[in-house]
Amino acid sequence: MPIVKNVSRAVSQLLQSSGCGCGISIVPVRCIGVSPRQVASDASFHSVSFSESDHPRVLITGGLGQLGVGLAKLLRKRFGKNNVILSDIRKPADHVFHSGPFIYSDILDYKNLREIVVNNRITWLFHYSALLSAVGEANVPLARAVNITGLHNVLDIAAEHNLRLFVPSTIGAFGPTSPRDPTPDLCIQRPRTIYGVSKVHAELMGEYYHYRYGLDFRCLRYPGIISADSQPGGGTTDYAVQIFHDAMKTGKFQCNLKPDTRLPMMYIDDCLKATLEVMEAPAEALSMRTYNISAMSFTPEELAQEVQKHVPELQVTYNVDEVRQAIADSWPMNFDDSNARRDWGWKHDYDLPEQEIQELLHISRLQAGVVAILVRNQTLRGIQRLKPSPSYS
Ligand SMILES: NC(=O)C1=CN([C@@H]2O[C@H](COP(=O)(O)OP(=O)(O)OC[C@H]3O[C@@H](n4cnc5c(N)ncnc54)[C@H](O)[C@@H]3O)[C@@H](O)[C@H]2O)C=CC1
Ligand SMILES: CC(=O)[C@H](N)C(=O)O
């Protein structure tokens, strides 16, 4: 039985354009001063643009989505607040704006992105901007621009300025002809979404730039990510976040996938930990540049049963969204991440249920004014309705 150790805040924004930068439709003209083609073909595989004793200076693109704010928090703890710049095309919430450097950056604006990298002497770039699977199918031209043209901009700038570059890929980079249970790192990849196609493209382009120009490209294929205090951006796995909000807010949850749809999932802390670990791994340890990472795998029915142990009144119904279901049916059911475990010691912390609670992890207020008590263990253990905490008001 797969379990989640945390409970999420806020409602899902499935297919909501504002959460995904869908207002952006112009692809600016590129202004390349130094093409990656001018990078020496015998350049070192290792990015050495900063002294190993220094902290990296980090830029996160698309940082206001589900994962970026948490990543910034983790990296700031590690490298110092002012060494990590969060960027996006959206306006940050007050608490995000005041938590560390934030800058506007549209990844489709090559010149602006380059300026930011140069002026801030960036050495590591985490490229999180993307349109996810469901919103991508709803706006293919925009997904193509953001996920492919944007990636090209980032790759060129990273190569020109010797950055260490992290680009996340996804279980969505596989398709119906890939082995699904489990899915290894190297196998047929013929995804049938623009999201998946753009992610395979990112994997291949990143690896090409690595071998051709020496770009220090690192990539993890994330499962669906479950988070407590951030909203999902319009993907197929969003239901696994939404169920917690609905359990807390209304006691009713309508799932848009069939009850037996099994997908790989991961708690956000594991995802961000893996991201930092692979970026810090010595280059010699990396036998590949794109790795699967895995933690748990569950179906909506299994997750609902687990949540109902804690919220017995939760009513779950199913109203299948054909687009999402077709996507989910083509994705891996279980992910083989043995290469990551062998090469750089990847190990997840949050997994199938274990009965002992270790410690209270986190308190998050939901929109409805209730508070979820989140416990630290491999299981979702307690949800309580409390008055809003003043600290969140
Ligand atoms: N959340 C998940 O379950 C998974 C996420 N990933 C990948 O991780 C990365 C981050 O994911 P999330 O935070 O969930 O995505 P998200 O959809 O929540 O956030 C993406 C962000 O990109 C920004 N963006 C859109 N167009 C932009 C542009 N032109 N310039 C700059 N920013 C732009 C949006 O404003 C948004 O804040 C993505 O690349 C995604 O593909 C991979 C697998 C699973
Ligand atoms: C698994 C992903 O890449 C994302 N959450 C999506 O469902 O599109």
Side-chain angles (χ1 to χ4, degrees), residues 8 12-28 59-72 86-93 96 103-110 112-113 116 126-139 142-143 145-151 153-154 166-174 191 193-196 198-199 202-203 219-227 230-242 256-257 261 263-268 271-272 274-275 292-293 323-324 327-328 330-332 335:
S8 322
S12 132
Q13 290 186 327
L14 293 176
L15 299 174
Q16 185 175 329
S17 60
S18 62
C20 308
C22 298
I24 302 299
S25 57
I26 299 166
V27 183
L59 176 68
I60 303 170
T61 69
L64 296 185
Q66 187 190 357
L67 307 184
V69 173
L71 179 68
L86 206 51
S87 74
D88 208 301
I89 53 173
R90 292 195 276 153
K91 197 155 80 171
V96 174
I103 200 162
Y104 172 88
S105 172
D106 180 348
I107 55 153
L108 297 179
D109 185 344
Y110 178 88
N112 172 251
L113 190 59
I116 291 168
F126 293 79
H127 178 47
Y128 268 6
S129 309
L131 261 66
L132 303 192
S133 56
V135 288
E137 289 311 292
N139 192 341
L142 182 62
V146 173
N147 296 6
I148 297 179
T149 307
L151 182 269
N153 289 343
V154 166
F166 179 83
V167 179
S169 186
T170 163
I171 50 173
F174 296 94
T193 60
I194 186 63
Y195 178 60
S198 69
K199 289 295 187 179
E203 294 175 7
C219 175
L220 297 180
R221 296 193 189 102
Y222 294 162
I225 305 301
I226 305 155
S227 60
S230 57
Q231 302 166 1
T236 304
T237 59
D238 288 9
Y239 89 85
V241 178
Q242 183 71 35
N256 53 24
L257 293 182
T261 309
L263 291 168
M265 299 279 182
M266 181 177 284
Y267 180 62
I268 189 169
C271 165
L272 300 180
T275 303
N292 292 350
I293 51 166
V323 173
R324 283 186 176 78
I327 294 173
S330 74
W331 282 4
F335 232 20

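Remember, it's 1-based here, ligands and their atoms both numbered in the order they're listed. Computed from heavy atoms alone, side chains included, the values below leave out hydrogens, waters and symmetry copies. It should be emphasised that the depicted structure is a prediction, and the values quoted were computed from it without experimental measurement.
At least one heavy atom of L64 sits less than 4.0 Å from an atom of ligand 1. Using a 4.0 Å cutoff on heavy atoms, S230 does not count as a contact of ligand 1.
The main-chain N or O of P168 is found under 3.5 Å from a side-chain atom of K199 such that the two form a donor-acceptor pair.
Counting the atoms of ligand 2 from 1 in the order shown, those under 4.0 Å from a heavy atom of S133 are 6 (C), 7 (O), 8 (O). Using a 4.0 Å cut-off to heavy atoms of L132, the atoms of ligand 2 that qualify are 8 (O). Shown in contact with T170 at under 4.0 Å from a heavy atom are these atoms of ligand 2, numbered in order with element: 1 (C), 2 (C), 3 (O).
Looking only at heavy atoms of the protein, atom 7 (O) of ligand 2 is closest to T236 N, 2.6 Å. Atom 5 (N) of ligand 2 has its closest protein heavy atom at T237 OG1, 2.8 Å.
With a heavy-atom cut-off of 4.0 Å, Y222 does not touch ligand 2 at all. Here D106 has heavy atoms under 4.0 Å from ligand 1 in both its backbone and its side chain. When heavy-atom distances to ligand 1 are checked against a 4.0 Å cut-off, S87 has no atom that comes that close, whether in backbone or side chain. Of the heavy atoms in K199, only side-chain atoms (C-beta onward) come closer than 4.0 Å to ligand 1. Residue contacts with ligand 1, taken as heavy atom pairs separated by less than 4.0 Å, involve R90 solely via side-chain atoms from C-beta onward.
W331 is listed as a side-chain neighbour of T237, based on a closest heavy-atom distance under 4.5 Å.
Remark: ligand 2 and Y195 share an N or O pair separated by less than 3.5 Å (distance only, no angle test). Close N/O approach between D238 and ligand 2 is not found [any backbone or side-chain N/O within under 3.5 Å].
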Audit row: E137, R324, salt bridge (Lys or Arg N to Asp or Glu O under 4.0 Å) steps and yes/no: CA-CA 9 Å; E137 289 311 292; R324 283 186 176 78; over 6 Å; no

